[in-house]
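Both backbone and side-chain heavy atoms feed into the values below; hydrogens, waters and symmetry mates do not.
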Amino acid sequence: MKHIVAVQAAVTTDEYDREPTAAELDAIAAETPLILAEVELLDVRIALMDRTPSELDKRRLRKALHRVLAERAALANHATSGEAA
């Protein structure tokens, strides 16, 4: 009986089976404040889906949106200035 074996290299390469590099971890760390701000905004929007927003809800939504915009601007300014994280 003959054994049938794969002649080609594995379809998935080692590139996908590795740990993140220091540069990738730095990029994640730099984007973390924006991610957290977006999660907060999403939480506010979800909370307001099934009710009419009160004045406090409107302020909370504006604050969360402002935080997202501020974090996006900070991240964009940081990226264009060429500074390391």
Side-chain angles (χ1 to χ4, degrees):
M1 172 185 261
K2 291 185 176 182
H3 293 284
I4 300 173
V5 294
V7 182
Q8 297 176 326
V11 175
T12 56
T13 63
D14 291 337
E15 179 182 336
Y16 299 107
D17 297 329
R18 64 175 175 76
E19 295 293 321
T21 64
E24 291 170 335
L25 291 174
D26 288 343
I28 292 168
E31 292 178 6
T32 299
L34 174 59
I35 294 168
L36 294 175
E38 289 176 337
V39 168
E40 180 183 342
L41 178 60
L42 184 61
D43 287 344
V44 172
R45 287 182 173 169
I46 290 171
L48 298 178
M49 287 178 75
D50 61 347
R51 68 175 188 239
T52 304
S54 67
E55 195 59 38
L56 183 62
D57 292 331
K58 291 176 185 177
R59 276 190 275 161
R60 185 174 172 218
L61 181 62
R62 283 193 307 265
K63 181 180 177 183
L65 183 58
H66 182 265
R67 182 173 171 217
V68 168
L69 294 175
E71 291 297 339
R72 284 183 185 171
L75 189 60
N77 289 337
H78 182 75
T80 58
S81 67
E83 295 176 6

Exercise for review: Grab the two heavy atoms, one from S81 and one from H78, that are nearest each other, plus how far apart they are.
Suggested key: OG-O, 3.0 Å
Check your understanding: Just how far is it from atom CG of L48 to atom CG of D57, taken to the nearest 0.5 Å?
Key -> 5.0 Å
Exercise for review: Check whether any side-chain N or O of D43 sits under 3.5 Å from a backbone N or O of E40 as a donor-acceptor pair, and report yes or no.
Suggested key: no
Review point. With a 4.5 Å limit on heavy-atom distance, are the side chains of L36 and R67 in contact?
Key: yes
**Study point:** Salt-bridge criterion met for R72 and E38 (N-O under 4.0 Å)
**Key:** yes
Exercise for review: Give a yes or no on this: more than 12 heavy atoms of other residues, nucleotides or ligands lie within 6.0 Å of atom CD of E19.
Suggested key: no
Review point. In Å, rounded to the nearest 0.5 Å, how long is the span from CG of L41 to CZ of R60?
Key: 10.0 Å
Check your understanding: What distance do R62 atom CZ and L69 atom CG have between them, rounded to the nearest 0.5 Å?
Key -> 13.5 Å
